[in-house]
Amino acid sequence: MKIEHVALYVSDSSNKLSDIESKLDEADLQAKNNFTRFTHEEVFSVIRDQISSKKVYLSHES
C-alpha cells in the first residue's frame with residue numbers, strides 16, 4: 001500500500017469518526033431536551049429488525 005493510500009484511508013476514517021461524534025452529540029442534545037425514555041429492548045429490537053430486513057434484501061441480490 002502506498003503512502004498516499006494510507007493518508008487517504010486515515011483521512012476517511014477521521015471523517016467517519018467526526019460524523020459519528022457529531023451524531024452522538026446530536027443524540028445527547030435530543031435526550032437532554034426530551035424526557036421520553038426507551039428500554040434497551042425497545043431500541044435494539046428496531047435495530048435488529050432493520051439489520052434482518054437488510055440481510056433478507058441482500059440475500060435476494062445474490
Side-chain angles (χ1 to χ4, degrees):
M1 183 178 281
K2 294 182 179 180
I3 192 71
E4 295 87 9
H5 295 132
V6 172
L8 287 174
Y9 175 78
V10 169
S11 175
D12 186 49
S13 295
S14 178
N15 289 338
K16 288 178 184 175
L17 287 174
S18 178
D19 291 344
I20 291 169
E21 187 64 34
S22 174
K23 293 294 183 183
L24 289 171
D25 289 344
E26 183 181 336
D28 286 342
L29 181 61
Q30 288 292 326
K32 185 177 180 181
N33 294 323
N34 184 332
F35 297 103
T36 302
R37 296 295 180 252
F38 299 97
T39 66
H40 172 88
E41 187 56 37
E42 289 172 319
V43 172
F44 286 97
S45 66
V46 172
I47 294 170
R48 279 192 296 274
D49 290 345
Q50 289 176 350
I51 291 170
S52 294
S53 68
K54 287 183 187 207
K55 285 182 182 176
V56 170
Y57 178 75
L58 291 175
S59 67
H60 290 295
E61 292 181 347
S62 308

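When a residue number appears, it is its place in the shown sequence, counting from 1. FYI, side chains are in, hydrogens and waters are out, and symmetry mates aren't considered; it's all heavy atoms of this structure.
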Q: To the nearest 0.5 Å, what is the distance between CG on D49 and CZ on F44?
A: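 Here the interatomic distance stands at 13.0 Å.
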Q: Quick one: do R48 and E41 make a salt bridge, cutoff under 4.0 Å?
A: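 Here R48 pairs with E41 in a salt bridge, since their nearest N and O are under 4.0 Å apart.
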Q: Could you go through D25 and E21, starting from their C-alpha distance and side-chain angles, then the distance that decides it, and tell me whether this counts as side chain to side chain contact (heavy atoms under 4.5 Å, CB included)?
A: CA-CA 6 Å; D25 289 344; E21 187 64 34; 3.5 Å; yes
Q: Would a single hydrophobic cluster contain both L24 and L17, if residues Ile, Leu, Val, Met, Phe, Trp and Tyr are joined by side-chain heavy-atom contacts under 4.5 Å?
A: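 Cluster IDs for L17 and L24 differ.
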Q: If every non-hydrogen atom of T36 is compared with every non-hydrogen atom of N34, which pair is closest and at what distance?
A: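 In this case the closest contact between T36 and N34 is N-OD1, 2.7 Å.
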Q: Under the 4.5 Å side-chain heavy-atom rule for ILVMFWY, direct or indirect, which residues accompany L29?
A: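 Same cluster as L29: nobody, lone residue.
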Q: Answer yes if V46 and F38 sit in the same cluster of Ile, Leu, Val, Met, Phe, Trp and Tyr residues linked by side chain heavy atoms under 4.5 Å apart, and no otherwise.
A: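 In one cluster: no.
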Q: NZ of K23 to OG of S18: how many Å apart, nearest 0.5 Å?
A: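 OG of S18 is found 11.5 Å from NZ of K23.
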